[in-house]
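Heads up, the thing below is written out as structure tokens.
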Protein chains: 2
Amino acid sequence: MQPNTFTAPPKLTRADTVFTDLRQRIVEGDIFTGSKLSEPELAKHYEISRSTLRDALSRLEGCGLLERKANIGYRVVTLSTEQLLEIFRVRESLEGTACRLAAKNMSKEHIDDLRKLLVIHNQTESLQQGEAYMQEEGDLDFHFRIVMGSGNKLLIRLLCEELYYLVRMYRFQFGMASPRAKKAFREHENIIQAIEDKDGELAEILMRRHISASRLNVENRMNTL
Amino acid sequence: MQPNTFTAPPKLTRADTVFTDLRQRIVEGDIFTGSKLSEPELAKHYEISRSTLRDALSRLEGCGLLERKANIGYRVVTLSTEQLLEIFRVRESLEGTACRLAAKNMSKEHIDDLRKLLVIHNQTESLQQGEAYMQEEGDLDFHFRIVMGSGNKLLIRLLCEELYYLVRMYRFQFGMASPRAKKAFREHENIIQAIEDKDGELAEILMRRHISASRLNVENRMNTL
DNA sequence: CTTATAAATATTGTCGACAATTAGTCTTGA
DNA sequence: TCAAGACTAATTGTCGACAATATTTATAAG
């Protein structure tokens with residue numbers, strides 16, 4: 001038998017660590033939206049060869065965080081209100097489905113965990129208001145767990161490994177801290193209830209409305225400017 | 001002014017051509033499902049260096065056609081009935097939304113084109129039955145155009161540049177030629193009608209049912225075996 | 001004969017260099 | 001002053017070689 005088949009950490013390659021670090025820097029705005037990446041510069045910064053760097057960059061392109069043009073290079077995707085709205089449409093669609101499936105597949109333990117999480121979020125929210133960052137992260141955590149609960153690996157890949165990084169990027173950039181915090185909390189509660197009741201149809205509707213409301217919030221703010 | 005800004009073809013790099021060729025070979029089953037790819041072997045076959053090949057491979061990973069493990073290499077994704085059903089769920093979700101948006105955004109010209117396309121499909125179907133391949137390709141062409149008509153670039157990327165290649169892969173592999181051909185044609189007609197009527201809500205419902213029916217078809221066939 | 005260990009082989013990860021292309025600078029002419 | 005073209009510099013695309021890891025084969029012990 002092989003040694004520690006379960007605990008064996010999947011050996012990280014240099015490209016892996018650079019990939020992860022770059023992803024964070026892009027998401028958190030440390031590397032600007034729309035900016036062009038210089039391969040020689042980055043390779044020097046990380047003290048790796050361009051080959052290794054390019055490996056990391058191509059994976060970031062796969063995540064939708066970078067764009068590439070032949071003979072020109074990689075650039076960070078440009079954030080725009082239109083693209084943000086597009087993301088909302090896709091989330092509305094996919095997460096609605098994820099929620100329906102979660103109602104069918106999520107285990108009681110995971111549902112309980114989700115409830116506990118929500119309680120914590122509510123407490124921190126009432127204790128120290130204005131901590132928009134934590135709120136937003138908590139919100140995404142909630143959505144993340146429901147998608148995981150769907151059990152659909154394709155959904156999980158599309159949302160958790162691609163779209164959610166874009167979502168976080170927008171939040172860092174635009175600061176989505178909205179007056180929807182309290183409402184959103186209520187909506188989360190109702191969604192959990194529907195999941196607990198195994199009412200997939202309702203769960204889907206509630207999730208779609210929940211995300212749709214966020215989108216409309218952005219659209220309204222956009223029109224008033 | 002730069003020479004032919006519009007007609008200028010986006011210069012193809014070696015990696016580009018290999019990427020396209022490999023994609024086709026994978027989709028059409030020329031390279032087997034689940035098989036491991038040998039970098040030295042492929043590089044030799046295409047008469048390119050491993051660096052260039054790896055560039056192409058990493059892009060194929062981004063499309064979801066290849067999987068990669070550190071220090072082990074790339075392998076073609078393994079097709080399974082479960083994964084096929086997962087794809088149907090995601091398509092049902094995304095294409096439903098695409099259809100709703102298409103009803104809002106699609107131009108009259110594009111709708112007319114779609115109608116003509118359907119007529120052609122119907123003719124070839126009645127003329128020479130059994131040409132399952134053409135039918136299936138035609139079906140995907142129909143879906144493709146509606147997604148394009150949605151105008152949502154994210155949706156277009158997820159469906160047309162990723163999922164549809166997986167779908168075609170399954171069809172080549174499993175041969176989805178089903179007795180649903182005639183029914184599917186009717187459903188397509190109704191979908192177009194809803195789009196033409198700008199009834200996005202109905203268009204979404206019809207598309208979801210259309211794809212859901214295909215999924216159930218597979219599920220039933222699976223259970224009877 | 002089976003299992004476990006060790007050597008040998010093959011494959012992937014990483015590197016630095018050169019070729020091809022693009023971007024920038026300078027000159028020249030009107 | 002501006003524009004077009006030539007020249008220079010910088011960047012990306014591609015290559016082959018070496019290092020690190022995994023796989024296979026060979027060997028030895030039980």
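Residue numbering restarts at 1 for every chain, and letters A, B, ... go by the order of the sequence lines. Values below: all heavy atoms of this structure, side chains included; hydrogens, waters and symmetry mates excluded.
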Whole angstrom is fine here: how far is it from [atom1] in [X] over to [atom2] in [N]?
X	N	atom1	atom2	result
B/Leu57	C/dT12	CG	C1'	12 Å
B/Asp16	C/dA20	CG	C1'	15 Å
B/Ile72	D/dT23	CD1	C1'	10 Å
B/Arg75	C/dT12	CZ	C1'	14 Å
A/Tyr74	C/dT22	OH	P	17 Å
B/Lys69	D/dA22	NZ	C1'	13 Å
A/Asp55	D/dG13	CG	C1'	16 Å
A/Leu12	C/dG13	CG	P	13 Å

Measuring to OP1 and OP2 of [N], would you say a side-chain N or O of [X] lies under 4.0 angstrom away?
X	N	value
B/Arg54	C/dG13	yes
A/Arg68	D/dG13	yes
A/Lys36	C/dT22	no
B/Lys11	C/dT22	yes

Counting only pairs under 3.5 Å, give me each side-chain donor-acceptor contact of residues 98-106 of chain B, with atom names and distances, residues two or more places apart or in other chains.
from     : atom 1 : to       : atom 2 : distance (Å)
B/Arg100 : NE     : B/Glu204 : OE1    : 2.4
B/Asn105 : ND2    : B/Leu101 : O      : 3.4
B/Asn105 : ND2    : B/Ser150 : O      : 2.9

(message) Over 60° means perpendicular and under 30° means parallel, so tell me whether A/Tyr164 and A/Phe144 are parallel, tilted or perpendicular.
(response) tilted

(message) Side chain of A/Thr13, heavy atoms from C-beta onward: which of C/dT14, C/dT11, D/dT14 has the nearest atom to it?
(response) C/dT14

(message) With rounding to the nearest 0.5 angstrom, report the CD to CZ distance, B/Glu162 to A/Arg157.
(response) 5.5 Å

(request) Would you classify A/Leu37 as touching base, sugar-phosphate or nothing, given that sugar-phosphate means primed atoms plus P, OP1 and OP2, and contacts are heavy atoms under 4.0 Å? (result) sugar-phosphate

(message) Does anything in residues 63-85 of chain B form a salt bridge (charged side-chain N to carboxylate O under 4.0 Å, His left out)? List the pairs, not counting sequence neighbours.
(response) A/Asp55-B/Arg68

(message) Both B/Ser38 and A/Ala70 contact DNA chain C. Taking the nearest nucleotide for each, which residue is further toward the 5' end?
(response) B/Ser38

Polar atom pairs (N or O), protein with nucleotides 15-20 of chain D, under 3.5 Å:
from   : atom 1 : to      : atom 2 : distance (Å)
D/dC15 : OP2    : B/Ser49 : N      : 2.8
D/dC15 : OP2    : B/Ser49 : OG     : 3.1
D/dC15 : OP2    : B/Thr52 : OG1    : 2.8
D/dC15 : N4     : B/Ser51 : OG     : 3.0
D/dG16 : O6     : B/Ser51 : OG     : 3.3

(request) Flag the pair A/Lys108 and A/Asp112 as a salt bridge only when some basic side-chain nitrogen lies within less than 4.0 angstrom of an acidic carboxylate oxygen. (result) yes

(message) Taking the basic N atoms (NZ, or NE/NH1/NH2) and the acidic carboxylate oxygens, is any pair closer than 4.0 Å for A/Arg145 and A/Asp141?
(response) yes

(message) Is it the case that the side chains of A/Gln83 and A/Tyr170 hold a donor-acceptor pair, with the cut-off being a distance below 3.5 Å and no angle test?
(response) yes

